[in-house]
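Here is the naming used below: chain letters follow the sequence lines, and residue numbers restart at 1 for every chain. Atom set for the values below is all heavy atoms of this structure, side chains included, hydrogens, waters and symmetry mates excluded.
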Amino acid sequence: MKYWLMKCEPHEYSIDDLEKDGVEKWTGIRNYQVRNMFRDEFKVGDLALFYHSNAGKEIGVVGIMEVCKEAYPDPLQFDKKSAHPDPKSDLANPRWLTVDVKFIGKFPRTLTLSEIKSDSKLANLHLVQKGNRLSVMPLLKTEFNYLVKKAIK
DNA sequence: GCCAACGTTGGC
DNA sequence: GCCAACGTTGGC
């Protein structure tokens with residue numbers, strides 16, 4: 001079982017939206033590294049932290065979700081009216097994948113990026129390493145547990 | 001809105 | 001395969 005951190009801009013889709021929806025697909029990934037993680041590493045039962053990016057003062061980790069369906073083609077790549085169409089993707093051989101995630105819980109507060117940055121125990125997180133722009137990244141089990149503990153404290 | 005740091009594209 | 005130009009991410 002693996003652990004992940006997944007970023008989304010809350011004005012596009014937030015933890016509250018996921019709480020309402022229960023289950024939703026994580027669409028719009030147009031980065032090959034993330035696509036490959038979806039394809040090769042994401043398994044049903046994996047846990048992921050929901051991270052709000054580009055959110056002013058509320059940038060940070062906001063809740064927990066669970067992977068509940070493994071990788072399948074992202075329908076938005078074939079939808080010209082969507083925010084993420086890819087005219088070069090082929091129906092017979094889709095370029096981009098999505099996974100389904102299920103709402104597990106929302107933290108009572110946002111564990112902010114600045115808190116994470118100022119915690120020396122978290123200096124190894126991909127999240128705070130220079131130049132990392134991946135919107136989905138793996139976490140160690142210890143990192144996942146530490147972040148959750150810190151968020152609910 | 002700015003811009004640093006990446007990733008992608010495409011001509012050669 | 002190189003690399004310039006362009007696009008994207010995401011914190012500030």
Exercise for the section: Indicate yes or no: at least one non-hydrogen side-chain atom of A:Leu147 is less than 4.5 angstrom from one of A:Leu122. Expected result: yes

Practice task
Determine whether A:Phe38 and A:Leu76 fall in the same hydrophobic cluster, where Ile, Leu, Val, Met, Phe, Trp and Tyr are linked whenever their side-chain heavy atoms lie under 4.5 Å apart.
Solution key: no

Practice task
Let me have a per-nucleotide readout for nucleotides 3-12 of chain C, 5' to 3', with B, S or -, counting only protein heavy atoms under 4.0 Å.
Solution key: ----BBBBBS

Practice task
Report the end-to-end axis angle of the helix from B:dG1-C:dC12 to B:dC12-C:dG1; each axis comes from five terminal pairs, and the value is rounded to 10°.
Solution key: 10°

Exercise for the section: Check which hydrophobic residues are tied to A:Leu91 through side-chain heavy-atom contacts below 4.5 Å, counting indirect links as well, and list them. Expected result: A:Phe78

Exercise for the section: Name all residues meeting the side-chain hydrogen bond (donor to acceptor under 3.5 Å, both in side chains) criterion together with A:Tyr13; count only those two or more places apart in sequence or in a different chain, and write none if there are none. Expected result: A:Asp21

Handout entry: All ring-ring contact (aromatic ring centres under 6.0 Å, His included) counterparts of A:Tyr51, not counting sequence neighbours
Key = none

Completion exercise
Heavy-atom nearest nucleotide on DNA chain B taken for A:Gln33 and for A:Lys88; more 5' hit belongs to A:Gln33

Practice task
Give a yes or no on whether the ring-centroid distance for A:Phe50 and A:Trp26 is below 6.0 angstrom.
Solution key: yes

Handout entry: Connected hydrophobic set around A:Trp96, excluding itself, where side chains approach under 4.5 Å
Key = A:Tyr32

Handout entry: 4.5 Å side-chain heavy-atom contact, A:Leu113 and A:Val128
Key = yes

Completion exercise
Note: for A:Tyr32 and A:Lys130 on DNA chain B, the residue whose nearest nucleotide lies more 5' is A:Lys130

